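Below is one structure; the comments refer to it alone.
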2 protein chains.
Amino acid sequence: MRQITLKDIASKLNISVTAVSKALKGYSDVSKSTRDSVIAMAEELHYTPNSVAVNLRTQQTKTIGIIIPSIVHQFFSKVLSGIIEEAEKKGYLVFTLQSNESIALEKKQIDLLLNKRVDGILMSLATENNDISHLQKVIDNKTPLVLFDKISKIINCSKVVIDDRESAYNAVTHLIKSGCKKISHFRGPLNPQNSIDRYLGYRKALEDNQIKYDPSLVYTCEAVTFEEGYEFAKKLYGQHKDIDGIFAVADLVAVGAIAYFNEIGVKIPNQISIIGFSNWFIGSVISPSLSTVDQPGYKMGKKALKLLFKEMNPKKKGEEFIPKTIVLPTEIIKRNSTLN
Amino acid sequence: MRQITLKDIASKLNISVTAVSKALKGYSDVSKSTRDSVIAMAEELHYTPNSVAVNLRTQQTKTIGIIIPSIVHQFFSKVLSGIIEEAEKKGYLVFTLQSNESIALEKKQIDLLLNKRVDGILMSLATENNDISHLQKVIDNKTPLVLFDKISKIINCSKVVIDDRESAYNAVTHLIKSGCKKISHFRGPLNPQNSIDRYLGYRKALEDNQIKYDPSLVYTCEAVTFEEGYEFAKKLYGQHKDIDGIFAVADLVAVGAIAYFNEIGVKIPNQISIIGFSNWFIGSVISPSLSTVDQPGYKMGKKALKLLFKEMNPKKKGEEFIPKTIVLPTEIIKRNSTLN
DNA sequence: CTGAAAGCGCTTACAG
DNA sequence: CTGAAAGCGCTTACAG
């Protein structure tokens, strides 16, 4: 079955394609009788407009692209879901791509999206990120671009982030306020800005509370996994029996640490308090439940999309657009892995 | 900056658009010198083909749509990721939509995808599923359709599933073999085929092992949550102190039950063995770790897409296509919530 | 109020 | 080997 076109309706009704198009779009310069008969016929034939043709003609696709490092990842899937729902409300559909933390893939995917003439692109960057030529390409191409969560400071475009430094600061301060004196940090990889910022927040909190920074208490995750948390906890406790607090760069890592301490019978939070980052579901169902920093993924997705839309209009008209950065607030979630 | 078109290249080179198009597509009836100069010029101008125009002309969009009940859900996000990667390899991009378990939304989303003239649709259905008119619409429209995981038996299209009945049978048999005599089932909602099938597998396993079915040991989840698992465990244990096995319709529910028993000091697996379904990450990191049925989400996504591609060719040529159902094998993952 | 015409950016059958 | 022409299905400026 070939799809029904305007032409089909026009010839059935013996009128012009122009009239059919106008009638269907509710233009005022069409007689009521024409309009009614067109609408009736369209219904009868189950006409659905071919948006490919519309896109070509109107030079916009009502489509946006999103590239995230990974889909099977609670935070990103929340962001994704926020974006998709918000887009749908405005009649936009979303192409989803995952970079698997590879810049090479990111580059290819950007080309794919540009080929598809998406009206905008949303991205959270791969970790190994020093090269931003592909992002510059998007900007040079005048396609609106918004970065979220894992961003690059050196690219001039709109961004939606949380304040990782301050959030980490608050998390560590919570540990200190609840009595911790010797606090370890299981940090993220060396490159990504947000793991750097969380580390800096950790140091600042120590400093502001007159606790001396001790590099031997800092462990660096490569993959940010449960296993790393487990291993680091083991090493840390082997060397520092008097450790009484851990701030982990991510909930998964914190959960790994909890698993180790549960195993060897170290009491959490009485002997050691642990706080994570992100507020993944898993933290709420383990025992003890995990205190953490709530990172508003769903909201971040919605905000990022709104920012993108704001950028789309000026760009279409060729006007200048000034990039904007939105910082979303976070919140400490106190559960049972920290005191009081 | 306007996008570069074939026409731009043609006029720069003083040749026809036809020649440019052919050169770029590597047609043999173009002289080497023309081809070379076209390719050089395309590169110089950073030409990227406008796929909207290509799509309109070739009547295929190299695009597929996927509708799942929820994105923030480990199983579905795995399927999604399998689909997206497989699609990308073949040069296809994927529109992702979530139905939030609403048939009304499913209907709208199908219309959106049909408007976009996607080359195929992949779906896992909303739970409240009695109405399949929208699926029939896709089929009538000759758009290839493949259902996975949450399918409808009454629609005639290709499907990728696991054998829920047999998998559940194996799970319960594992409990029995490890010594359980009084086994409860926390089942899924009454409608979806897979929760029905898992329930039937449970009954069959009891029957084959001469254990009398006792309806008072069956609890029905509405939302399939951690909380339900916790509550049901409490109720169950209140009424049946001698219960020694639980088969939960999903890992989350099983984890809720484990949390309750941990809390009141009932030993798992010694006093009560618990097995879940799906093999979510969470089951591997709680204590005791959860025995479960591995449901191959990533693989399911890949298979579903392959099936869709197989269907696309015959349909394009107007040939008949015979729907096919693929049943993927599952595997019992033995961890520490069951004996031996 | 109506419709012929141009054009969005491609591809491809056809003629030379 | 090359290019003029038609056409995919729309929208819209323009003439009547």
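Below, all heavy atoms of this structure are taken into account, side chains as well, without hydrogens, waters or symmetry copies. A quick note: this is a predicted structure, and the numbers were derived from the prediction, not measured.
Each of C/dC10, C/dC8, D/dG9 was ranked by its minimum atom distance to the side chain of B/T5; first place goes to C/dC10. Out of D/dT12, D/dC1, D/dC8, the shortest distance to the side chain of A/S21 is found at D/dT12. For A/L56, counting side-chain heavy atoms from C-beta on, the closest listed nucleotide (C/dT2, C/dC8, C/dC10) is C/dC8.
A side-chain N or O of B/T48 and one of A/R117 form a donor-acceptor pair less than 3.5 Å apart. Side-chain contact, A/S133 with A/K107: a donor N or O sits under 3.5 Å from an acceptor N or O.
Ring geometry for A/F75 versus A/H73: interplanar angle over 60°, hence perpendicular rather than tilted (30 to 60°). Between B/F309 and B/Y92, the ring-plane angle classifies as perpendicular under the 30° and 60° cut-offs.
Atom NZ in A/K7 sits about 15 Å away from atom C1' in C/dG3, given to the nearest Å. What separates CD1 of B/I4 from C1' of C/dC10 is a distance of 15 Å, to the nearest Å. Here D/dG9 presents its P atom at 14 Å from CG of A/N55, a figure rounded to the nearest Å. When the C1' atom of D/dC10 is taken as reference, atom CG of B/N115 falls 13 Å away, rounded to whole Å. The nearest whole Å value for the distance from the CG atom in A/L24 to the P atom in D/dG9 is 16 Å. Note: CG (B/N50) to P (D/dC8) measures 18 Å, nearest angstrom. To the nearest angstrom, P of C/dT2 lies 10 Å from CZ of A/R35. At whole-Å resolution of the value, NZ in A/K116 and C1' in C/dG9 are 15 Å apart.
Between A/K90 and A/E85 no salt bridge is recorded (no basic side-chain N to carboxylate O distance below 4.0 Å). Contact check on A/K62 versus A/D119 returns no salt bridge, with no Lys/Arg side-chain nitrogen under 4.0 Å from an Asp/Glu carboxylate oxygen.
Nucleic acid contact for A/S33: none, since no nucleic acid atom lies under 4.0 Å from a heavy atom of the residue. No engagement by A/V52 is indicated, since no non-hydrogen atom pair under 4.0 Å with the nucleic acid exists.
Checking the phosphate oxygens (OP1, OP2) of D/dT2, a side-chain nitrogen or oxygen of B/T34 falls inside 4.0 Å. Under 4.0 angstrom from either OP1 or OP2 of D/dT12 there lies at least one side-chain N or O belonging to A/Y27. Dashed line: the shortest gap from a side-chain N or O of B/Q59 to OP1 or OP2 of D/dG9 is under 4.0 Å.
Checking D/dC1 for Watson-Crick or G-U wobble geometry (two distances, each under 3.5 Å) identifies C/dG16 as its partner.
Taking OG of A/S99 as the start and CD1 of A/I68 as the end, the distance is 8.5 Å to the nearest 0.5 Å.
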Interface polar pairs with nucleotides 4-7 of chain C, N/O, under 3.5 angstrom:
from  : atom 1 : to    : atom 2 : distance (Å)
C/dA4 : N7     : A/T18 : OG1    : 3.4
C/dA4 : N6     : A/T18 : OG1    : 2.8
C/dA5 : N6     : A/T18 : OG1    : 3.3
C/dG7 : N2     : A/R57 : NH1    : 3.2

Assess the residue pair B/M123 and B/L135 against the criterion (side-chain contact (heavy atoms from CB on, under 4.5 Å)); give the C-alpha distance rounded to whole Å, side-chain angles, the decisive distance to 0.1 Å, and a yes or no.
CA-CA 9 Å; B/M123 279 183 84; B/L135 306 183; 3.5 Å; yes

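When each of A/K25 and B/D29 is assigned the nucleotide of DNA chain D with its nearest heavy atom, B/D29 is the one assigned upstream, toward the 5' end.
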